[in-house]
Amino acid sequence: MQYTDMEHSASWIQTLSFSFLLIASIHLFHALIISPKLTLNHQHVRVKKLPPLPLRFNSDGNFKILQVADMHFGNGMGTRCRDVLDNEFDYCSDLNTTQFLEKMIQLERPDFVVFTGDNIFGTSATDAAESLFRAFAPVINSRIPWAAVLGNHDQESTMNREELMSFISLMDYSLSQTFPTAKYAYGAGNQDCHPHIDGFGNYNLRVRGAPGSEYANCTVLNLYFLDSGDRAVVHGIKTYGWIKESQLRWLHGISKEFQEQNQDSGSKTSEFSNSAPALTFFHIPIPEMKQGPIKGIIGQYREHVACSFVNSRVLKTLVSLGDVKAVFIGHDHTNDFCGNLEGIWFCYGGGFGYHGYGAAGWPRRARVILAELGKGDKSWNVVERIKTWKRLDDVKLSKIDEQILWQK
């Protein structure tokens, strides 16, 4: 069924109204509970600023994503850097992380920014809300749409994981969501007000074709976001979190809907393109990355993969979906490689933040993902190629390890 402009407008009017109510609540919560030093003031309550929607490819046929992994933001200028050269230490703080993000936005001019967890370093952040504002300030100031998932350290400050995702979802230009679309999270006939799904920050975003093209109103790229948790105790043994069965069931439902609608109608008259690849983002790597074998590694494999010993068969699920072409993770700061597992690329972002651990003399880095449309006779077609590279925070913002992840 065609998703009309009128339906789209109505949907976002409802979202905007809901956002107004939620942002009022979150500011009250922040003023009264999280930061007692703040006074209750009606001027703090305002409507969230939304980016132009829907997300879509540019008129040049490209859609560029900047991945920021492991900022580990603390309290700003007073938060010292870790694992930098001795001559850098006295002048290094969270502000170096901020400057790196500003430089990346200015150089690459991304259409979308994804933060893949450990956005703040909870034990160093005395006020989670304040640290989040500072950490995400460069992308908010740029007015670029962005989204985030949580890592295993974000909740160690003054907010739990649900509060963190609620707060992040209400920040300006954020497309993050605390809960997924309820349609795919409920059991049959279940009308509860909260989805039956583990974690906070499981959601999907759709990217439409280029303006003026035959696919301008079609989804040509899907973006999946999953909460990989933080820490757990299983049979008395401590381990990292993992993606649960309920999350995989939701993901399967979303992917299945896309593919069924593609089969039921022609791609140009459907909301979905019949060739819509998907990218997935979460924080903690899956056990298969540790077990291997990983093929075609491009980049550096400098440390052991830190993951849960619980294998919830994420890889098997992703392979069975058929649309996921690449997964982007964080967590292991000195790994920055892409490696192939059963036809799907798993790519580390590399450590971005200066308060997170790293290696002295080994520059912090960011990953860029570029999806390119194919060129038809008269206009842009569906996605033809997805490639990636990294940028180092050195004098030249060096570009390294460019590779093609998928080609139609």
field: Note, Leu251 side chain near Leu321 side chain (heavy atom, < 4.5 Å)
entry: yes
message: Please check: side-chain N/O of Ser176 versus main-chain N/O of Ala148, any donor-acceptor pairing under 3.5 Å?
response: yes
query: Any donor and acceptor pair, going by atom type alone, linking the side chain of Asn58 with main-chain N or O of Asp60 inside 3.5 Å?
result: no
field: Inter- and intrachain pairs under ring-ring contact (aromatic ring centres under 6.0 Å, His included), touching residues 98-119, at least two apart
entry: Phe100-Phe352, Phe115-Phe136, Phe115-Trp146
query: Just how far is it from atom CG of Leu315 to atom CZ of Arg313, taken to the nearest 0.5 Å?
result: 10.0 Å
- request: Could you please spell out the steps behind the side chain to side chain donor-acceptor pair (under 3.5 Å) verdict for Thr388 and Glu402?
  value: CA-CA 6 Å; Thr388 186; Glu402 185 171 4; over 6 Å; no
Check: Asp127 main-chain N/O paired with Glu130 side-chain donor or acceptor under 3.5 Å: no
field: Shortest non-hydrogen separation from Met171 to Lys48 and the atoms involved
entry: O-CE, 3.2 Å
message: Looking at Tyr240 and Ala306, would you say the former's side chain and the latter's main chain have a donor-acceptor pair under 3.5 Å?
response: no
message: Using the rule given for side chain to side chain contact (heavy atoms under 4.5 Å, CB included), can you reason through Leu66 versus Leu101, listing the C-alpha separation, both sets of side-chain angles and the distance that settles it, and then say yes or no?
response: CA-CA 10 Å; Leu66 171 63; Leu101 182 51; 4.0 Å; yes
task: Report the distance from atom OG of Ser169 to atom CD of Gln177, rounding to the nearest 0.5 Å.
output: 8.0 Å
task: Examine distances only and state if a side-chain atom of His72 and a backbone atom of Phe121 form a donor-acceptor pair shorter than 3.5 Å.
output: no
message: Can a donor-acceptor pair be found, under 3.5 Å and without considering hydrogens, that links the side chain of Ser398 to the backbone of Leu392?
response: no
task: Kindly confirm or rule out a cation-pi arrangement of Arg364 over Tyr354, judged by NZ or CZ under 6.0 Å from the six-membered ring centre and within 45° of its axis?
output: yes
task: Please check if the distance between the ring centroids of Phe167 and Phe133 is under 6.0 Å.
output: yes
- prompt: Got more than 12 heavy atoms from elsewhere within 6.0 Å of NZ, Lys399?
  reply: yes
Aromatic ring proximity, centroids under 6.0 angstrom, Phe337 and Tyr348: yes
task: Decide whether His331 and Asn152 meet the rule of one side-chain donor and one side-chain acceptor closer than 3.5 Å.
output: yes
query: So do Ile284 and Ile329 actually touch side chain to side chain, heavy atoms under 4.5 Å?
result: no
message: For a quick test of reading the model, state the closest non-hydrogen atom pair linking Leu150 to Phe200 and the distance between them.
response: CD1-O, 4.3 Å
- request: Evaluate the criterion side chain to side chain contact (heavy atoms under 4.5 Å, CB included) for residue pair Asn217 and Arg208; output intermediate values, then yes/no.
  value: CA-CA 6 Å; Asn217 294 318; Arg208 296 194 180 188; 3.7 Å; yes
query: Does the side chain of Pro138 come within less than 4.5 Å of Thr98's, by heavy atoms?
result: yes
message: Given 3.5 Å as the limit, does a donor-acceptor pair link the side chain of Asp401 with the main chain of Trp389, or not?
response: no
field: Flag side-chain contact, heavy atom, 4.5 Å: Lys387 against Leu405
entry: no
- prompt: Nearest 0.5 Å, what's the CZ-NE2 distance between Phe179 and His196?
  reply: 11.0 Å
- request: Flag this pair as yes if the NZ/CZ of Arg80 is under 6.0 angstrom from the six-membered ring centre of Phe89 and inside a 45 degree cone about the axis; otherwise no.
  value: yes
task: Could you check if a side-chain atom of Asn119 sits within less than 4.5 angstrom of a side-chain atom of Asp154, using non-hydrogen atoms only?
output: yes
- prompt: Around atom CD of Gln403, are there more than 12 heavy atoms of other residues, nucleotides or ligands at under 6.0 Å?
  reply: yes
Shortest non-hydrogen contact from Cys307 toward Pro287: SG-CA, 3.7 Å
- request: State, yes or no, whether a side-chain contact exists between Trp406 and Ile404 at a heavy-atom distance under 4.5 Å.
  value: no
- prompt: Any cation-pi pair here, Lys244 with Trp242, using under 6.0 Å and within 45°?
  reply: yes
query: Got Phe63 and Leu221 here, is their nearest side-chain heavy-atom distance under 4.5 Å?
result: yes
message: Working to the nearest 0.5 angstrom, can you tell me the gap between Gln155 CD and Met159 CE?
response: 13.0 Å
Gap between atom CG of Asp198 and atom CH2 of Trp250 - 0.5 Å precision: 13.0 Å
- request: Keeping the roles fixed (side chain from Gln247, backbone from Asp227), state whether a donor-acceptor pair exists under 3.5 Å.
  value: yes
message: Checking Val139 against Ile105 for the side chain to side chain contact (heavy atoms under 4.5 Å, CB included) test, could you report, in this order, the C-alpha distance in whole Å, the side-chain angles of both residues, the deciding distance, and whether it holds?
response: CA-CA 8 Å; Val139 69; Ile105 290 173; 4.2 Å; yes
- prompt: What pairs of residues pass the side-chain hydrogen bond (donor to acceptor under 3.5 Å, both in side chains) test when at least one of them lies in residues 334-343, not counting sequence neighbours?
  reply: Glu303-Thr334, Asp336-Arg365
query: CG of Asp94 to NE2 of His355: how many Å apart, nearest 0.5 Å?
result: 6.5 Å
message: Take a 6.0 Å sphere around CZ of Arg161 and say whether it holds more than 12 heavy atoms from other residues, nucleotides or ligands.
response: yes
query: Does atom CD of Glu88 have more than 12 heavy-atom neighbours, drawn from other residues, nucleotides or ligands, at distances under 6.0 Å?
result: yes
- prompt: Between Leu107 and Leu397, what is the shortest heavy-atom contact and its length?
  reply: CD2-CD1, 3.7 Å
- prompt: Cys81: what forms a disulfide (SG to SG under 2.5 Å) with it, not counting sequence neighbours?
  reply: Cys92
- prompt: Should Pro277 and Val383 count as side-chain neighbours, where that means a heavy-atom distance under 4.5 Å?
  reply: yes
- prompt: Salt-bridged, Lys64 to Asp111, with N to O below 4.0 Å?
  reply: no
- request: Say whether, by atom type as modelled, one donor and one acceptor occur between the side chain of Thr280 and the main chain of Tyr224 under 3.5 angstrom.
  value: no
query: Would you call Arg385 and Glu372 a salt bridge, taking side-chain N to carboxylate O under 4.0 Å as the test?
result: yes
- prompt: Would you say the side-chain atoms of Thr79 pair up with the backbone N or O of Asn75, donor to acceptor, closer than 3.5 Å?
  reply: yes
- request: For residues Val314 and Asn311, report the shortest heavy-atom separation together with the two atoms involved.
  value: N-OD1, 4.5 Å
- prompt: Looking only at heavy atoms, which two atoms of Ile243 and Ser312 are closest? And how far apart?
  reply: O-OG, 2.6 Å
- request: I would like to know whether Asn160 and Glu163 meet side chain to side chain contact (heavy atoms under 4.5 Å, CB included); could you show each step before the answer?
  value: CA-CA 5 Å; Asn160 62 35; Glu163 293 162 352; 3.2 Å; yes
- request: Would you mind telling me which of Val207, Val368, Leu279, Val113 makes a side chain to side chain contact (heavy atoms under 4.5 Å, CB included) with Ile65?
  value: Leu279
